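Before any comments, here is the structure.
First the proteins, then the strands, lettered A, B, ... as listed; each starts at 1. Values in this document were obtained by computation on a predicted structure and should not be read as measured data.
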Protein chains: 2
Amino acid sequence: MLDRQHLTILRSVARYGSVTAAAGAMNLSQSAISHAIAKLEDRHRVKLWRRKGRRLEMTQAGQYLLELAERIVPELEHAETVLADMAKGRRGSLRIGMECHPCEQWLMHVVGPFLQAWPAVDLQMKTAFRFDGIAALQAHEIDMLVTPDPMALPDVTFTPVFDYELVIVLPADHPLVGRDRIQPDDLRDQTLYTVPVTPNRLDIFTRFLTPAGRRPAAHVGIESVDLMLQLVAAGRGVTVLPDWLVALQADRLPIVTRPIGGGLQKAINLGTRIEDHDIDYVAGFRLIAGQEFKRP
Amino acid sequence: MLDRQHLTILRSVARYGSVTAAAGAMNLSQSAISHAIAKLEDRHRVKLWRRKGRRLEMTQAGQYLLELAERIVPELEHAETVLADMAKGRRGSLRIGMECHPCEQWLMHVVGPFLQAWPAVDLQMKTAFRFDGIAALQAHEIDMLVTPDPMALPDVTFTPVFDYELVIVLPADHPLVGRDRIQPDDLRDQTLYTVPVTPNRLDIFTRFLTPAGRRPAAHVGIESVDLMLQLVAAGRGVTVLPDWLVALQADRLPIVTRPIGGGLQKAINLGTRIEDHDIDYVAGFRLIAGQEFKRP
DNA sequence: ATCAAACCATGAAGGAAATGCATAATGCTG
DNA sequence: CAGCATTATGCATTTCCTTCATGGTTTGAT
């Protein structure tokens, strides 16, 4: 079996010109190399070099294998450094999954510094999973989940990295603008725009309307945040968004925000598998996510 | 040490989906693979796969090594078949050296069939050596020597592949044309054209003139056979060439040939190192050289 | 020529490492 | 929860590698 050792020996012998010198450089005995190559030569019935007085001369077969060795051995050596990097958490791939549409916007502020700090990490993002985000994380479909809705699980931890508040977004001339804060009953005859998911996955329902036994006059799913705001600005209805996200657009549109009840506090959480906690760049991402992001 | 075995295992496991199946395919025990990979994982502190219920799933490091394996292992396997070809004498390089200028012409008739019969052999030709052809052969500068002058040597054999006769070439209107055969004394007042080497390497001297104590009126070295024949045809002198070589030009020039004394028989010989005699394509060249060439 | 030095080949012996065997542990599946 | 399939692990064994010791070959100097 043509083995890595054989190629390494060949390279060393070619470099140092003699078996003895090559053996010294490899911390082996001259005999070891002699035996190893003799066995290879026997196995394949091919001579690799011939004694040419005091120095050795590669045969055709020897030169062929030497070229192979010069190609392959460095590749293997490089692979070992890559493994070392992976082991130390300096290198790898980080596949980030997002469940909430606004999370995507937030994430864009974090990836820049991260990519600079961890140049050997291959960063990828996914927004569509076969099932939900947590399942994707557990199935190793992604390595990190960005979500505002953490869960208690044995093999996954969530750490909050960014606090924000969900607020009602109203047209500037809306009657409700007069109120300091919005109550569930206020939405009774409003059209509510949200991202297109079922109400049981929307905080405005689960934490505000449903506990109070109320529902909006209409509930319409909209894909794009921009479109939602346009619709609100046009007086077609109201919506619920993170405060900082609205703030980014507030000066360009005639819209106003009001707190939801006593205030609907949320936090963006980063979910990671516990088994990955000793990977440096995973911890690194959490660190940067918590430090670097500044509210716009 | 990341070894070929590890890569082979990785490939097999990826292909068969389980360690047990991979072990079967490799004629190893499941335990052997388990041990081998466990050791590699310990050495580099990297997991290569994780149990995913009934099947295994490669980690990032595992996938990285798997890609490496898919590239490198086939290369090594190919190298082994190349070695086998070399061992069986089906593949290799054949560097042919020539000492006599006419040999080059002869050789051209042989290489075509040889290249067809031995497609994996890399054929090269050399006409200039650091010393003489035999030394080049012994120093592995060439693998075969084409020469009309064999020598008895312990490590080299010569086999004749083509018999020919050296003849005097005369202008058609030369006085000596009247003779059946030429005697040494006949050249006393002739200009003799030969290839530009010293007389002791020319048969016309060593085997004809010198033993008889004669020499031509003038001895002029000419590089090109064509030019030699032109000079003879023009009546400027005479020359000595293989009969078959003259026959190629005889119908286009006013020249005539006559035997030298009792006939100067020669043979083109192929010299090869004894150590190379079990290389098939070397024997193959000799065979084709003897069979294929037909006198023009 | 002779001799010393450098170098490689080879056989025997010892030891480390890979492999196999038996068994425990794990995780699906019905 | 039982049963099946598969992997992990401890221990015994064998294989293979390495070293040691030695002899042979080439080179270069005396």
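The shortest side-chain heavy-atom distance between B/Ile134 and B/Phe158 falls under the 4.5 Å cut-off. Between A/Leu65 and B/Leu83 the shortest side-chain heavy-atom distance falls below 4.5 Å.
Computed from coordinates, the B/Leu40 CG to C/dA18 C1' distance equals 14 Å when rounded to whole Å. Rounding to whole angstrom units, CZ of residue B/Arg50 and C1' of D/dA8 are separated by 18 Å. B/Ile37 has its CD1 atom 11 Å from the P atom of C/dA18, to the nearest Å. Computed from coordinates, the A/Trp49 CH2 to C/dC7 C1' distance equals 13 Å when rounded to whole Å. Atom P of nucleotide D/dT18 and atom CD of A/Gln5 are separated by 5 Å, given to the nearest angstrom. Rounded to whole Å, the distance from CD on B/Glu57 to P on D/dT6 is 17 Å. B/Leu28 places its CG atom 11 Å from the P atom of C/dC21, with the value rounded to the nearest Å. At whole-Å resolution of the value, CE in A/Met26 and P in D/dT19 are 11 Å apart.
Contacts of A/Thr20 with the nucleic acid, taken as non-hydrogen atoms under 4.0 Å apart, involve only primed sugar atoms and P, OP1 or OP2.
Relative orientation of the A/Phe162 and A/Trp106 rings is parallel, given thresholds of 30° and 60° on the angle between their planes.
Mapping A/Ala38 and B/Asn27 onto DNA chain C by nearest heavy atom places A/Ala38 closer to the 5' end of the strand. Between A/Arg43 and A/Ser29, the residue whose closest nucleotide on DNA chain D is further toward the 5' end is A/Arg43.
Residue ring and nucleobase are stacked for A/His35 and C/dT10, with a centre distance beneath 5.5 angstrom and an angle between planes beneath 30°.
Within the 3.5 Å criterion, the main-chain N or O of B/Leu2 finds a donor-acceptor partner in the side chain of A/Glu80.
Interface remark: the A/Ser31 side chain does form a donor-acceptor pair with the C/dT10 base, using a distance-only criterion of under 3.5 Å. Between the side chain of B/Gln30 and the base of D/dA8 there is at least one donor-acceptor pair of N/O atoms closer than 3.5 Å. In the interface, the side chain of A/Ser18 is not paired with the base of C/dC7 through any donor and acceptor atom under 3.5 Å apart.
Of the charged side-chain nitrogens involved, at least one lies within less than 4.0 Å of a carboxylate oxygen, so that A/Glu70 and A/Arg15 count as a salt-bridged pair.
Within the 4.0 Å cut-off from OP1 or OP2 of C/dA17, not a single side-chain nitrogen or oxygen of B/Lys39 is found.
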